[in-house]
Number of protein chains: 2
Amino acid sequence: MRIGELARRSGLSRDTLRFYERQGLIRSTPGPDATNSYRDYPEDALITLEQIADAQAAGISIADLTVLLGQLQAADPDTFDGEAFLQDRIDEVEARIARAERFLEGLKRAKAALAAPPVRR
Amino acid sequence: MRIGELARRSGLSRDTLRFYERQGLIRSTPGPDATNSYRDYPEDALITLEQIADAQAAGISIADLTVLLGQLQAADPDTFDGEAFLQDRIDEVEARIARAERFLEGLKRAKAALAAPPVRR
DNA sequence: CAAAACAGTGGAGTTTAGTCAACGGTTTTG
DNA sequence: CAAAACCGTTGACTAAACTCCACTGTTTTG
């Protein structure tokens with residue numbers, strides 16, 4: 001598919017998609033019609049883009065993601081010894097989730113406190 | 001306590017603390033010794049800083065945090081009707097945690113795939 | 001009491017993750 | 001077949017969250 005369709009279907013802007021491609025997060029091929037310069041994006045780019053969104057929610061930077069996506073997609077060893085790297089990311093993400101959950105509890109308490117006492121004498 | 005001690009105990013730089021104060025996230029008083037310009041930070045600034053870190057892990061921006069910290073600390077109604085605002089943040093954080101957990105699973109699968117098959121014919 | 005460590009101020013600089021504008025080609029569509 | 005919609009490239013720009021620097025004044029310490 002071409003970039004416009006990918007943009008529509010992913011909800012991201014064309015600029016963002018090109019930015020991701022420059023960063024090596026997604027890939028495209030020259031497109032079937034070699035007379036123009038239009039690129040062709042594979043169907044599974046949509047899945048990759050979902051993974052990118054998940055990773056960002058987990059606080060992973062694009063730089064780390066470039067490394068990680070390789071690991072996640074082609075879990076092919078001896079390309080990269082990144083087991084330790086992976087474990088570091090896992091620890092990092094777990095810590096972040098724990099913090100986020102702590103914060104979520106605070107939010108819920110605050111909302112309860114706001115909703116409960118219309119006891120305002 | 002003075003800013004240096006707060007920096008040491010919180011693990012943040014003095015610059016970051018001053019930045020947070022400019023943003024209205026923490027507060028200080030003129031300090032007991034009024035002859036100098038040194039500020040005094042209350043003990044509970046450390047707790048606030050923990051909450052800030054939690055909020056950031058939850059993907060909350062400093063701008064939103066300025067609003068939220070007021071709600072979280074003094075859960076005093078009729079200052080602010082922010083129940084809807086709070087609920088929006090709650091939804092946002094829950095969605096982010098869900099994504100982060102999805103990503104975490106992917107990381108763990110990738111690590112398992114990397115660790116398991118030293119079957120390398 | 002002098003040197004080292006610490007504090008405040010102001011303003012400039014950095015990084016990350018995009019976003020925008022301008023331009024010249026290419027398809028699509030009415 | 002012309003206008004509208006789309007595409008790629010280049011390069012400048014932005015917002016958020018810090019970070020650094022230079023300078024001056026204040027405490028602490030050996």
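Note that these values count all heavy atoms, side chains included, but never hydrogens, waters or copies made by symmetry. The chains referred to below are lettered A, B, ... by the order of the sequence lines, with proteins before strands, and numbering in each begins at 1. Note that this is a predicted model, so its numbers are computed, not measured.
A:Q23 comes within contact range of no nucleotide atom at all, as no heavy-atom separation falls under 4.0 Å. Using a 4.0 Å heavy-atom criterion, one finds that B:D15 contacts the bases of the nucleic acid, with or without backbone contacts as well. If you check every strand for non-hydrogen atoms under 4.0 Å, A:R18 touches a base.
Between A:Y20 and A:T35, the residue anchored nearer the 5' end of DNA chain C, judged by the nucleotide with its closest heavy atom, is A:Y20. Between B:D40 and A:R2, it is B:D40 whose nearest contact on DNA chain C lies nearer the 5' terminus.
Listed nucleotides: C:dG18, D:dC18, C:dG8. Nearest to the side chain of B:I3: C:dG8. Of the candidates D:dC7, C:dG8, D:dT19, the closest approach to any side-chain atom of B:S37 belongs to C:dG8. Ranking D:dT19, C:dT26, D:dT27 by closeness to the B:Y38 side chain, first place goes to D:dT27. Candidate nucleotides C:dC6, C:dA17, C:dA7 were compared by shortest atom distance to the side chain of B:R8, and C:dC6 ranks first. For A:I62, counting side-chain heavy atoms from C-beta on, the closest listed nucleotide (C:dG18, C:dT19, D:dG8) is C:dG18.
A cation-pi arrangement is present between A:R89 and A:F85 under the rule of less than 6.0 angstrom and at most 45 degrees off the ring axis.
In this structure, the CD atom of B:E21 is 15 Å from the P atom of D:dC18, given to the nearest Å. Counting to the nearest Å, the C1' atom of C:dA5 and the CG atom of B:N36 are 15 Å from each other. What separates CG of A:L25 from C1' of C:dT16 is a distance of 13 Å, to the nearest Å.
Other residues, nucleotides and ligands place more than 12 heavy atoms under 6.0 Å from the CZ atom of A:R102.
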